[in-house]
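First up is the structure itself, then whatever we jot down about it.
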Amino acid sequence: MPCETNEELVDLLESVRGTTKLGKVADYIPALGKAEAKDLSVAIYHVENSCMSAGDVEKLFTLQSISKVLALAFVLMDHGEADVFELIGMEPTGDPFNSMIKLETHNPSKPLNPMINAGALAVTSMIKGSSKDEKFDRLLQFIKLLSNNDKISYCKEVASSEFDTAHLNRAICYFMKQHGIIKDNVEDLMEIYTKQCAIQMHSMDLAKIGAVFALDGIHPETGERLIRDDIARICKTFMVTCGMYNASGEFAIKIGIPAKSGVSGGIMGIVPYQFGIGIFGPSLDEKGNSIAGIKLLERLSKKYKLSIF
Ligand SMILES: NC(=O)CC[C@H](N)C(=O)O
């Protein structure tokens, strides 16, 4: 859909672009280190199917941790709440996304929530399918439906770069396997998870997915229900309590909308019954959130009184 460039949005974006200099792009996944720190884009997709965008909207980026909330919705539909939350908790950790410390201190061992790596890996291990390819293809198909874009695919370079270097995630998997949280072959699970994190799109695709959540699971363009409303509500609640890693509390106070970020610099935001927001700004703050993206959302939220609280 052609999108209007809205002058107010362009001004807002340019007013925060300078903050990209204060952060740094993630490079623990080597291929992500190639991103350009100054890039910044924002797209807004209204539930009545109008949209606007500003900045470097032609840039593709990988979902990384944003995929965690989409995989959660998918797996909750496949298995139901009881089975998923028997293995994965509902509480924020206050720790970085890749921390495994609470896996050991919690008895019986259980990832505290599905937005940290441990919980997300356990969620991905629950995707149904007879092979690793079928499992990934089913998730990808769901994400194509959410974005209403059949061209969505994953970035092979980013996936294999993470696969080759994901030693900590492998350690988390082996720990969970020892404790019976996952049963999979760890290499197969890592392949699915790294491909899932490497699914790439434009900020407008992400804004559109946000709009599906804004409508409690109905796609604004097709009118199709893609996520059950009770599951969309669970996902939005996790986004509020743990969507922005261990900065979720401050984000809730300053911005106050359900949101999920990823280390590629993506942020999906949801303004219930109004619009979805897709942001890409690879320069990150020390917690791993897009530094200019957060500033942009803060200004947007203050200006238009978007906080849900
Ligand atoms: N915070 C993130 O975006 C983390 C996702 C990344 N693929 C990882 O597991 O490390």
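One-based numbering, in listed order, for ligands and for the atoms of each.
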Quiz item: Do you see a donor-acceptor pair shorter than 3.5 Å between the side chains of Q64 and S264?
Solution: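 No, S264 and Q64 have no side-chain donor paired with an acceptor closer than 3.5 Å.
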Quiz item: Polar-atom distance check: Q64 versus ligand 1, any N or O pair below 3.5 Å?
Solution: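 Among all N and O atoms of Q64, at least one is under 3.5 Å from an N or O of ligand 1.
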Nearest protein heavy atom with distance in Å, relative to [atom]:
atom	result
atom 10 (O) of ligand 1	Y28 OH, 2.5 Å
atom 9 (O) of ligand 1	Y193 OH, 2.7 Å
atom 8 (C) of ligand 1	E162 OE2, 3.2 Å

Could you tell me whether [X] approaches ligand 1 through its side chain, its backbone, both or neither, with non-hydrogen atoms closer than 4.0 Å?
X	value
I66	neither
V263	both
C197	side chain

Per-atom contacts of ligand 1 with [X], taking only distances under 4.0 Å to non-hydrogen atoms:
X	value
S65	1 (N), 2 (C), 3 (O), 4 (C), 5 (C)
G262	3 (O)
Y245	1 (N), 2 (C), 3 (O)
N117	8 (C), 9 (O), 10 (O)

Quiz item: Can K135 be said to sit on top of F74's aromatic six-ring, NZ or CZ under 6.0 Å from centre and within 45° of the ring axis?
Solution: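 No.
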Quiz item: Is it the case that one hydrophobic cluster holds both V69 and Y245, taking links as side-chain heavy atoms less than 4.5 Å apart, direct or via other members?
Solution: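 As far as the 4.5 Å side-chain criterion goes, Y245 and V69 are not connected within one cluster.
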Quiz item: So Y154 and F136, would you call those rings parallel, tilted or perpendicular, with 30° and 60° as cut-offs?
Solution: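 Judged by the thresholds at 30° and 60°, the geometry between Y154 and F136 is perpendicular.
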Quiz item: Going by heavy atoms, is N169 under 4.0 Å from ligand 1?
Solution: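 A heavy atom of N169 does come that close to ligand 1.
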Practice problem: Identify, with sequence neighbours excluded, every residue that meets side-chain contact (heavy atoms from CB on, under 4.5 Å) alongside S160. | Solution: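 So S160 forms no side-chain contact (heavy atoms from CB on, under 4.5 Å) with any residue.
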Self-check item: Results of side-chain contact (heavy atoms from CB on, under 4.5 Å) for K254 - residues two or more places apart only
Solution: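 E250, E298.
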Quiz item: Does D285 come within less than 4.0 Å of K287, counting only side-chain N to carboxylate O?
Solution: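 Result for this pair is no, no salt bridge flagged.
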Exercise. Decide yes or no for Q141 and R138: does some side-chain heavy atom of the first lie under 4.5 Å from some side-chain heavy atom of the second?
Key: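 Of all side-chain heavy-atom pairs linking R138 with Q141, none is under 4.5 Å.
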